[in-house]
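One structure below.
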Amino acid sequence: MKRQILKADFFNRPVLRIAPDLLGKFLVRKKGRREIAVMITEVEAYDGTEDKACHASKGRTPRTEVMFGPAGYFYIYLCYGMYWMLNVVTGPKGYPAAVLIRGIIPNLRTSDVRRLNGPGKVTKELKIDKRFNALPARPDTGLWFEDRGVMVEEKNSKKTPRIGVSYAGPVWSKKKYRFVLLGESTKKRT
DNA sequence: ACGATGATGAAC
DNA sequence: TTCATCATCGTA
């Protein structure tokens with residue numbers, strides 16, 4: 001099976017290009033000997049200081065600092081006091097943007113193609129917390145992304161408004177910055 | 001429909 | 001230092 005680790009250059013692009021590209025890619029978590037790979041099925045883009053839904057719209061703060069840094073680093077924060085949100089920072093450098101990982105399929109190998117919908121469930125499943133904040137997405141940190149040959153055509157995904165961002169106002173809350181993989185229909189690349 | 005639960009940023 | 005808010009989720 002082809003396994004291509006997504007490098008910094010993958011993330012050093014506009015966030016609205018990267019977010020749909022992450023559908024069908026794999027998030028890999030290594031804990032001790034165990035290596036868990038899950039397929040990404042749902043993401044959201046948060047795009048710069050203009051985007052009122054993006055935390056960086058408040059400006060540069062201790063929390064949002066990592067989003068202003070280089071692409072390919074994790075931005076992780078606690079939401080509602082109990083759920084860790086996993087984001088990966090995107091480029092270009094100095095421009096604060098990130099992709100929130102909202103949904104996965106934990107295991108494709110078995111016939112159990114159960115989906116895990118919800119960013120809090122993703123981090124719970126993979127045992128991700130603030131320890132990963134500001135760390136790069138690389139195997140040596142224990143958390144990274146891979147292309148494993150799953151091809152996602154535009155027909156197989158949809159764009160919708162983001163979840164839980166009504167506070168962002170009528171313009172930004174309606175932007176279709178959420179990308180969802182439809183069904184279980186995926187195809188292997190040759 | 002609602003409460004759990006704590007970091008965050010802004011106001012004072 | 002206090003306060004409202006929150007990129008959610010399980011239970012009802």
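Labels below follow one simple rule: chain letters A, B, ... track the order of the sequence lines, proteins then strands, and each chain is numbered from 1.
Distance A:Asn117 CG to C:dG10 C1': 15 Å, rounded to the nearest Å. Rounded to whole angstrom, the span from the CD atom of A:Glu42 across to the C1' atom of C:dA7 amounts to 11 Å. The distance from atom CG of A:Leu100 to atom C1' of C:dT8 is 11 Å, rounded to the nearest whole Å. In this structure, A:Tyr167 atom OH and C:dT8 atom C1' are separated by 13 Å, rounded to whole Å.
Between A:Ala56 and A:Pro96 the shortest heavy-atom distance is CB-CB, 3.4 Å. Between A:Val43 and A:Ala19, the shortest heavy-atom distance links the atoms CG2-O, 3.3 Å.
A:Leu143 is not listed as a side-chain neighbour of A:Val28, based on a closest heavy-atom distance of 4.5 Å or more. Counting heavy atoms from C-beta outward, A:Ile104 and A:Met39 have side chains that stay 4.5 Å or more apart. Between A:Tyr75 and A:Val88 there is no side-chain heavy-atom pair separated by less than 4.5 Å. In this structure the side chain of A:Met85 never reaches within 4.5 angstrom of the side chain of A:Thr123, judged on heavy atoms. Contact check for A:Asp51 versus A:Ser57: no side-chain heavy atoms found under the 4.5 Å cut-off.
Of all the residues in residues 72-94 of chain A, A:Tyr75, A:Tyr77, A:Tyr80, A:Tyr83, A:Met85, A:Asn87 reach under 4.0 Å from DNA chain C with at least one non-hydrogen atom.
In this pair, A:Phe145 and A:Phe74 present their aromatic rings tilted. The plane angle is within the 30 to 60° band.
Protein chain A contacts DNA chain B over a range whose 5' and 3' limits, counting nucleotides with an atom under 4.0 angstrom from a non-hydrogen atom, are B:dA4 to B:dA10.
Of all nucleotides present, only C:dC9 satisfies the Watson-Crick or G-U wobble test against B:dG3, with each distance under 3.5 Å. Remark: B:dG9 base-pairs with C:dC3. Criterion, Watson-Crick or G-U wobble with two distances under 3.5 Å.
A sub-4.0 Å separation between OP1 or OP2 of C:dT8 and a side-chain N or O of A:Arg102 is present.
Nucleic acid contact for A:Arg63: sugar-phosphate only, since backbone atoms but no base atoms lie under 4.0 Å from a heavy atom of the residue.
Within a 6.0 Å sphere centred on CD of A:Gln4, heavy atoms belonging to other residues, nucleotides or ligands number 12 at most.
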